Amino acid sequence: MPINLYILLAVVLFCIGVVGVLTRRNAIIIFMCIELMLNAVNLLLVAFSKMHNYAMMKEGIATGGSDGQLFVFFIMVVAAAEVSVGLAIIVMMYRNVHSVDINFLNRLKH
Amino acid sequence: MEIIEILFGILAFLAIFSALMVVVSKNPVHSVLWLIVTFFAISGHYILLNAQFLAIVNIIVYAGAIMVLFLFVIMLINLNRETAPQKNRWLKMAGGVAGGCLLLVLVAAFKEVGMAEKQKAVVNVGDIGLIKSLGKELFTKYLVPFEISSVLFLSAMVGAVVIGKKE
């Protein structure tokens, strides 16, 4: 597959995630849109890793480009940690404010 | 039209459609389910790119663990009475326009660079995505980051417990 199509797909997915973060007011859905953006970047990293691998293979190096896939692995690790802490914060916030609407979270401003 | 291109088209359409449904749907539970569909489509892309390890890990970690966590939290939080996040139509419109502008700018910049008309992400060749080669790389070249990420997990676990604890 041409790399163009993968770049286009990842950009579209990322922008859908951005629109979700900007338009929705529910904290959980905003969190899910962040996961969507992370996954778009992961897909692009894997596609670029295969592209790099193809270029390296012409020069006779078979294992070139596996760094990209390991980065995706580490991104997944960090995302899992982030989700566990973030959801704990959301539950805590619901316990205090009795809502997950982020419009109620402007108390730091006053 | 090869079979791989058809598969790519179907998976790309599925991913984009379900991602749109995540943003559009009113019920948070439906959003979670559509997000799971998106993750499966992205895993299909990984399989198409011969990155089998990442495909399996994506399904196990994202669709298996993280989404179940989301569902737990949604069911823990009583959203039924719907403290109805107030609908500000202008805010929504502004968000949509801003996201569309971002898409436009990114695509235009990419066209301008015009890189890689001939570059390809090869689908069937190469075995860097298999467990054997990735594991060898992970436990030699990336050993220190791997161990540090385990410390990160431990601290995240402690943090989640401390934050979620009742005083």
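Side chains are part of it too, since the values below use all heavy atoms of this structure and drop only hydrogens, waters and symmetry mates. Letters A, B, ... mirror the listed sequences (proteins, then strands); counts begin at 1. Bear in mind the structure is a predicted one, so any value in this text is a computation, not a measurement.
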Given a strict heavy-atom distance threshold of 4.5 Å, which part of [X] is in contact with chain A: side chain, backbone, both, or neither?
X: B:Ser18; value: neither
X: B:Lys136; value: neither
X: B:Val24; value: backbone

Exercise. Could you name the residues of residues 150-158 of chain B that have a heavy atom within less than 4.5 Å of a heavy atom in chain A?
Worked result: B:Leu152, B:Phe153, B:Ala156
Problem set entry | Intermediate values then yes/no, side chain to side chain contact (heavy atoms under 4.5 Å, CB included), A:Glu35 and B:Phe70 | CA-CA 11 Å; A:Glu35 296 301 314; B:Phe70 270 103; 4.3 Å; yes
Using every non-hydrogen atom in the two residues, find where [X] and [Y] come nearest and quote the distance to one decimal.
X: A:Leu9; Y: B:His45; answer: CD2-NE2, 3.4 Å
X: B:Ala15; Y: A:Leu13; answer: O-CD2, 3.9 Å
X: A:Leu43; Y: B:Tyr46; answer: N-OH, 3.5 Å
X: A:Lys50; Y: B:Leu49; answer: CE-O, 3.0 Å
X: A:Arg95; Y: B:Lys165; answer: NH1-O, 3.9 Å
X: B:Leu106; Y: A:Cys15; answer: CD1-SG, 4.4 Å

Problem set entry | B:Leu69 vs A:Val83, side chain to side chain contact (heavy atoms under 4.5 Å, CB included): CA-CA, chis, key distance, verdict | CA-CA 8 Å; B:Leu69 206 59; A:Val83 162; 3.9 Å; yes
